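Heads up, the thing below is written out as structure tokens.
The model shown is predicted, which means the values in this text are computed figures rather than measured ones. So that the names make sense, note that chain A is the first sequence line, chain B the second, and so on, each numbered from 1.
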There are 2 protein chains.
Amino acid sequence: MAGIRETKKKETRQAIMQAAVTLFSEKGFEKTSIEELAKAAGIGKGTIYGYFQTKSDILHAFCEDELESLHEELTTNADREIPILQQMVSIYMSEFRQITQNREFARLFMQQTAFPRDVDLEKHLANEDNYFKLLFPLLEKAQERGELRRDVDLLYITGHFYGLYLLLVSAWFSGRVQTEEAETALETLFRQAIEGLQPRPEHTSNEGKAHE
Amino acid sequence: MAGIRETKKKETRQAIMQAAVTLFSEKGFEKTSIEELAKAAGIGKGTIYGYFQTKSDILHAFCEDELESLHEELTTNADREIPILQQMVSIYMSEFRQITQNREFARLFMQQTAFPRDVDLEKHLANEDNYFKLLFPLLEKAQERGELRRDVDLLYITGHFYGLYLLLVSAWFSGRVQTEEAETALETLFRQAIEGLQPRPEHTSNEGKAHE
DNA sequence: AACAAAAGATGACTGCGGTCGACTTTTGTT
DNA sequence: AACAAAAGTCGACCGCAGTCATCTTTTGTT
């Protein structure tokens, strides 16, 4: 009952991804040909297209896998009692560090993720929903703790953080934010989003600044 | 002194973009071949690569041109006395409507703009700087009017709005935001960014909700 | 065990993006 | 006007992503 077929399929899929990541890392995405990749994986060229629709799909699948296991980690290890600001910074910085390891991978992945092709929409939405399942509970608790407004839809709150994450990554690509500055930048942005861009009344009595 | 060469160059460039946009709109970007495009523009295939580096560069250049003229309009027509919220919504919605006219164009353009290739970095940064020149004065005035915090760098303020714009476009691609809902969504997001995500003290006396 | 149908694998083949070296046009210099 | 260098044009050519008709393996049925 092992299901020879299914076992093999998974093995082959893994072999392809394995070979792909190795080659893409060594020679770069563009410079690696599918034929080369097939040979490295020990299969024929056409076979690859039984597992992935396009060349970039292979890379995308790999990145998704990486992020998924990252999410599992995060979900189990998260300390849900620290301020939501720290939680969000921590989550998105994990993602940032992961994705940012390889510039080319990151570009391709983010391009597809932020502005997906219509063909990938269904899968994309499913992925996003998973994300929400991870974030919503944390945000809800923060609402209960009084850290976040209750009159703002959770989808919107997620949106704020995700939007700023997109910004960070974009700024990283354009060189406006260095890798080492990223965490500080993200924390600042998130804090500002929470506090608001308009001048606060006064009530900032417990900050580092003089109490004026 | 007309400079036969320069005149012709500009004409040819225009002819290429013209043909490209027509064909890309009619048949789609992928389905249009460079050879076809060259024929439509009345030139040889290789010539195109004297004007643009890649196929998608042609599209990108077109979108940039469109947005640039849009910005000129905005700069002259802007009413700098209305609340910064309205100004920002107005500016980014113009951009959204423009870019959103053609889904495929939008995707390619946004992918390149938000996560540019390293080769395009220089041009990209120049473009961004132009953007800042447009926005900074408005934001500064808003700071003077007391609508925006003075202790937040203008670059960061721009970032907040731009990040939310990216989010909107991304959500539009994934179908989470319909074209007609876009303006409302963006306004809500911008307002929330200005007000902040944390519960405001009370001072919300002039909203629609009952006064509790 | 025999066999038919379903699923998978394969590499020759196709079409296209991008390059390159040969050719033509423009420019500026004498 | 003559001419050399610089700039621009061109399409045959190359390499590669992705397809498809054909062949091989697995599965379920008798």
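- Residues from residues 23-45 of chain B placing a heavy atom under 4.0 Å of any atom in DNA chain C, listed by number, are B/Thr32, B/Ser33, B/Ile34, B/Lys45.
- Applying the side-chain contact (heavy atoms from CB on, under 4.5 Å) rule to B/Arg145 yields the partners B/Glu81, B/Gln87, B/Lys141, B/Ala142, B/Glu147; only residues at least two apart in sequence or on another chain are considered.
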Could you pull out every donor-acceptor pair under 3.5 Å between side chains of residues 35-43 of chain B and any protein atom, sequence neighbours left out?
unit_1, atom_1, unit_2, atom_2, d
B/Glu36, OE1, B/Lys27, NZ, 3.4
B/Glu36, OE1, B/Ser33, N, 3.0
B/Glu36, OE2, B/Lys27, NZ, 2.5

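- For the segment residues 105-114 of chain B, no residue has any heavy atom less than 4.0 angstrom from an atom of DNA chain D.
- Checked against side-chain contact (heavy atoms from CB on, under 4.5 Å), B/Gln86 has the following partners two or more places apart in sequence or in another chain: B/Ile82, B/Pro83, B/Glu187.
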What are the atom names and distances for every N/O pair under 3.5 Å that joins the protein to nucleotides 20-26 of chain D?
unit_1, atom_1, unit_2, atom_2, d
D/dT25, O2, A/Arg5, NH2, 3.4

Atom pairs and distances, donor-acceptor, side-chain atoms in residues 65-73 of chain B, under 3.5 Å, two or more places apart:
unit_1, atom_1, unit_2, atom_2, d
B/Ser69, OG, B/Asp65, O, 3.3
B/Ser69, OG, B/Glu66, O, 2.9
B/His71, NE2, B/Glu95, OE1, 3.4

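- In this view, A/Asn77 satisfies the side-chain hydrogen bond (donor to acceptor under 3.5 Å, both in side chains) rule with no residue, not counting sequence neighbours.
- A stem is defined here as three or more consecutive Watson-Crick or G-U pairs, each with both distances under 3.5 Å; for DNA chain C these stems are C:1-30 with D:1-30.
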N/O donor to acceptor pairs below 3.5 angstrom from side-chain atoms of residues 101-116 of chain B, sequence neighbours left out:
unit_1, atom_1, unit_2, atom_2, d
B/Asn102, OD1, B/Glu104, N, 2.9
B/Asn102, OD1, B/Phe105, N, 3.1
B/Arg103, NE, A/Asp118, OD1, 2.9
B/Arg103, NE, A/Asp118, OD2, 3.2
B/Arg103, NH2, A/Asp118, OD1, 2.8
B/Arg103, NH2, B/Phe173, O, 2.9
B/Glu104, OE1, B/Phe29, N, 3.1
B/Glu104, OE2, B/Phe29, N, 3.3
B/Arg107, NH1, A/Pro116, O, 2.8
B/Arg107, NH1, A/Asp118, OD1, 3.4
B/Gln111, NE2, A/Gln111, O, 3.3
B/Gln111, NE2, A/Phe115, O, 3.0
B/Thr113, OG1, B/Phe109, O, 2.6

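- Checked against side-chain hydrogen bond (donor to acceptor under 3.5 Å, both in side chains), B/Arg97 has the following partners two or more places apart in sequence or in another chain: B/Glu183.
- Across residues 50-57 of chain B, B/Thr54, B/Lys55 each have a non-hydrogen atom less than 4.0 Å from an atom of DNA chain C (numbered order).
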